[in-house]
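Okay, structure first, notes after.
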Amino acid sequence: MHQVPIHPHSVSVAEVIPGDLVALSGEDVVRQRWFVVMHTLPESPETIRVTLRPPLGGVDRDELLARGREVTVACRRLDVAEVPLVSSVPLDGVEFRDGDRVTSLRAVDPLAEAVTYLRRWGVWHRDLDAYGGEPVSDEEVRQWAGDADRDGFVVRHEARPVREAAVPGLRRVVVTGLGAVSPLGVGVGELWQGLLDGRHGIRELDGEEFAELPVRVAGVVPVDPAVLLPRAAARRMNRAAQFAVLAAREAWADAGFVEGGTRESGIDPERVGVSLGAILGDASVLVGGDRKLREKGPRGVSPLTTPMTVPSQAASQVSLDLHITGEARTVTSACASGTEAIGEAVDRIRYGRVDVALAGGAEAVVTPAIMASFAAMRALASGGVDEGSPSRPFGKGRDGFVNGEGAGVLVLEAEEHALARGARIYCEAAGWGLSADAHHMAAPDPSGSGVALALRRAVRDAGGHVVDVVHVNAHATATVEGDLAEAGALRAVFGGRAVPVTALKGHLGHLQGAAGGVEAVAAVLTLHHGVVPPTVGSGEVDDAMGVDVVRGVPRALPVDGDLVLSNSFGFGGHNAVLALRRV
């Protein structure tokens, strides 16, 4: 019934006729509790038996009422033949499954609309993508159905639909290998143990070239990568490429492939790709070339200066080292580069362009000029390392990020390719999302709307819902405005749900284009081990954040969902989010 009751007024029971919409008391009027008069039958000189039915359908009830009793009519007469006679089926014996749907309609309210609940992770939600209050248990749903006829409701249960076939040609992508070089050390083991232990790798820069800088702390890799590579090869790589090759080699071996590359592993090199993110790669090469030009003239400049300066050097060197000929792409989108590079690789595998991809990011920009530029922007944290990490993600005392370097690489594979060779699968690389703030060349949009869009797109691309998310590895650079914008976006997407959030830049500093790669490695391990690392450096969380920041000790990953999100946001409004799914 779509028309609003109008001009309610009191009449006696003797005056009502079939089709009248009546409320039996003043309280019923206030509560919008109306009934359609279906039949009237005089039972004595003083009483009339009235049969009532909820206007939106339900079961009949008989009331023996005094003729002179006052009731309220709504001046809206209905066709009694149009009011359905329905009864809610008890659900006591029904075995509920995720994907089931329950619809509840308050049939006594002529203006009511049906409310639908969907079952996900063992509980019922009004909206799988927006916080609609606390979820409802199976027992509460059974109680609704049991009390529905008495309370004037109609409750309907629908079993989950048959799963639709997958979209032809769209392949599932999984993670089978991990590699990392970070300020916590060389290797994934060093990274993961350092995160769990709450250690940081931020150090004082003691080189002479840093002496005059206002900020002299950075997240630097504690080992010279050149000594871990053959000397001739290392001389032809910039520092970022050295990081990338080391991380790629580790990921390749971790995935179960043979040392050396595609040919040694018996894999078609044309079906393997590389996708790495970088902002500058290694800024020191160009600076060094300029210095030699001024000191020694044109003949002093190495012919390797140009090929070792371009941001694509890391991807090309990984391709050379492992003999990968399918493709070698470089993504440059500020600090979102690593995450976007992984997302691009996911799509290349999904759509059959390649079967395997090494994806992530590499960066080496801890140089005097870059440090001086960041300091001039007042973007760097001002503290030292004597009292712990100077990077304070989400903390009250945060005042900027710590510049860092490193590389993180995932081996991504088409699921059928991984299963065919018996590979160990960490998780599914389920989806990703992009957006742009279109706000400022460096500052984030304070509304967080662009970040929220990227978060929602990643979840949707993964074929999931917001209620599926059990953890967020936040970008959280520890800048005042950036952390506020990200926290606001998380609140907007998750509402009142307390999704555990961790931020790794207190451990590592900000690895720039490599941040998304290293943080994706950590997110994969969080899913694989079921443990969320703590956030270090934040001290007391800023009250304005309003998010559940994991601190102090690691926390068990919640089991009532299967998606983990890894966030990366960059200067100029680049937003990228990777969605990983538990397998």
When you compare the side chain of [Y] with that of [X], does any pair of heavy atoms fall below 4.5 Å?
X	Y	answer
Val220	Leu205	yes
His125	Tyr131	no
Trp432	Val577	no
Pro534	Val553	no
Val501	Val550	no
Asp562	Val470	no
Leu280	Glu363	yes
Val469	Val459	yes

Parallel, tilted or perpendicular: ring planes of Trp192 versus His529, cut at 30 and 60 degrees: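 Answer is parallel, since the angle falls under 30°.
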N/O donor-acceptor pair under 3.5 Å between [X] side chain and [Y] backbone:
X	Y	answer
His574	Ala336	no
Gln317	Val245	no
Arg582	Leu563	no
Arg329	Glu327	no
His507	Arg199	yes
Thr526	Ala522	yes
Gln512	Val365	no
Ser316	Gln313	yes
Ser337	Ile279	no
Ser319	Ile324	yes

Shortest non-hydrogen contact from [X] to [Y]?
X	Y	value
Phe401	Thr477	CB-O, 3.2 Å
Ala476	Ala503	CB-CB, 3.5 Å
Val221	Gly406	CG2-CA, 4.2 Å
Asn473	Ala523	ND2-N, 4.2 Å
Ala362	Ala407	CB-CB, 3.9 Å
Pro225	Gln242	CG-OE1, 3.2 Å

From CA spacing to verdict: side chain to side chain contact (heavy atoms under 4.5 Å, CB included), Met545, Asp483: CA-CA 8 Å; Met545 296 300 160; Asp483 287 10; 3.8 Å; yes
Side chain to side chain contact (heavy atoms under 4.5 Å, CB included) evaluation trace for Leu358 with Leu410: CA-CA 6 Å; Leu358 289 98; Leu410 313 180; over 6 Å; no
Could you measure the distance from the [atom1] atom of [X] to the [atom2] atom of [Y]? Nearest 0.5 Å is fine.
X	Y	atom1	atom2	answer
Leu380	Met371	CG	CE	5.5 Å
Asp197	Leu195	CG	CG	9.0 Å
Asp347	Asp461	CG	CG	6.5 Å
Cys335	Phe571	SG	CZ	6.0 Å
Glu428	Leu527	CD	CG	10.5 Å
Asn238	Phe243	CG	CZ	9.5 Å

Pair [X]-[Y], side-chain donor/acceptor within less than 3.5 Å:
X	Y	result
Ser275	Glu344	no
Ser447	Ser449	yes
Asp468	Trp121	yes
Asp437	Asn575	yes
Ser312	Thr330	no

Side chain to side chain contact (heavy atoms under 4.5 Å, CB included) partner of Pro183, the single match among Leu511, Leu191, Val402: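 Single side chain to side chain contact (heavy atoms under 4.5 Å, CB included) partner of Pro183 among Leu511, Leu191, Val402: Leu511.
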Salt bridge or not between [X] and [Y]? Use side-chain N to carboxylate O under 4.0 Å.
X	Y	answer
Glu519	Lys505	yes
Arg555	Asp548	yes
Lys396	Asp543	yes
Asp542	Arg398	yes

Step-by-step side chain to side chain contact (heavy atoms under 4.5 Å, CB included) determination, Leu565 to Leu578: CA-CA 6 Å; Leu565 305 181; Leu578 176 67; over 6 Å; no
CZ (Arg424) with more than 12 external heavy atoms under 6.0 Å: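 Yes - once you tally the heavy atoms of other residues, nucleotides and ligands closer than 6.0 Å, there are more than 12.
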Over 12 foreign heavy atoms within 6.0 Å of CZ, Arg497: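 Atom CZ in Arg497 is crowded, with more than 12 foreign heavy atoms closer than 6.0 Å.
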Pi-cation contact, Phe494 with Arg491 (under 6.0 Å, within 45°):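 Relative to the ring axis of Phe494, which defines the angle, Arg491 lies outside at least one limit.
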Aromatic centroids of His510 and His475 separated by under 6.0 Å: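 Judged by ring-centre distance (under 6.0 Å), His475 and His510 do meet the cut-off.
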Side chain to side chain contact (heavy atoms under 4.5 Å, CB included) assessment of Val451 paired with Ser435: CA-CA 7 Å; Val451 172; Ser435 71; over 6 Å; no
Intermediate values then yes/no, side chain to side chain donor-acceptor pair (under 3.5 Å), Thr535 and Thr502: CA-CA 5 Å; Thr535 300; Thr502 194; 3.2 Å; yes
